[in-house]
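Keep in mind that what you see is a predicted model, and the values were worked out from it rather than measured.
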Amino acid sequence: TQLLEQSPQFLSIQEGENLTVYCNSSSVFSSLQWYRQEPGEGPVLLVTVVTGGEVKKLKRLTFQFGDARKDSSLHITAAQPGDTGLYLCAGHGSSNTGKLIFGQGTTLQVKP
Amino acid sequence: GAGVSQSPRYKVAKRGQDVALRCDPISGHVSLFWYQQALGQGPEFLTYFQNEAQLDKSGLPSDRFFAERPEGSVSTLKIQRTQQEDSAVYLCASSTTGFSGYTFGSGTRLTVV
């Protein structure tokens, strides 16, 4: 069974601080996606990483895919209250249906 | 429509009642997924459709759960004889292919009392 473990589960920081969220697995994934979810809404896709070692930047967010394609990280620089939310990593399972396996999520609270 | 639409947004059901949750995917999206999400947790896969064909239903927790997409667009997730453990947010997502990024709806929050 393919599993994705996220850490930390909860993070509460002050505005302006930096943070990193980790997503780890013992399985190889062909790609990993990161989503952000706000209360009462569905997850919104932030980025897809495909190549081992790949780094993608989205404004203050930096996403990295591990060389072995078993792990990924999300780094936020100078966090803002608007970054508050549930961050989810997800990878395609071993089936060919496109089914996504999600990590348990990291709840981020950024205090002004 | 511009996004994935789910209805109702909230549903309160008495234990033992049957419920039906509706999903209107983005027009033209071939793939449709249903997920179940507990509070503060990641979504868990329930079932997958490619057009009208249900290709994977391995995540449905029991035979009380049934999903259909008869014309390859709108989908309905039905839960029979609801139980308290069915209380969760049910998310629908669609995509152009199974391997592109999903667009999620806002979900239906089901509370069984």
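A 6.0 Å sphere centred on NZ of Lys57(B) holds no more than 12 heavy atoms belonging to other residues, nucleotides or ligands.
Side-chain polar atoms of Tyr35(A) and Gln37(A) form no donor-acceptor pair below 3.5 angstrom.
Among Gln104(A), Gln9(A), Gln6(A), the residue with the largest count of heavy-atom pairs under 4.5 Å with chain B is Gln104(A).
Heavy-atom distances place no part of Gln50(B) under 4.5 Å from chain A, backbone and side chain included. Using a 4.5 Å cut-off between heavy atoms, Glu38(A) does not touch chain B at all. For Ser58(B), the part lying under 4.5 angstrom from a heavy atom of chain A is the side chain only. Heavy-atom distances place no part of Arg109(B) under 4.5 Å from chain A, backbone and side chain included.
Under the 4.5 Å side-chain heavy-atom criterion for Ile, Leu, Val, Met, Phe, Trp and Tyr, Leu91(B) and Phe45(B) are members of the same hydrophobic cluster.
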Trp34(B) and Phe65(B): side chain to side chain contact (heavy atoms under 4.5 Å, CB included), yes or no, with the steps?
CA-CA 11 Å; Trp34(B) 283 98; Phe65(B) 286 70; over 6 Å; no
Kindly indicate, with the supporting measurements, whether the criterion side chain to side chain contact (heavy atoms under 4.5 Å, CB included) is fulfilled by Phe63(A) and Leu32(A).
CA-CA 10 Å; Phe63(A) 304 86; Leu32(A) 278 179; over 6 Å; no
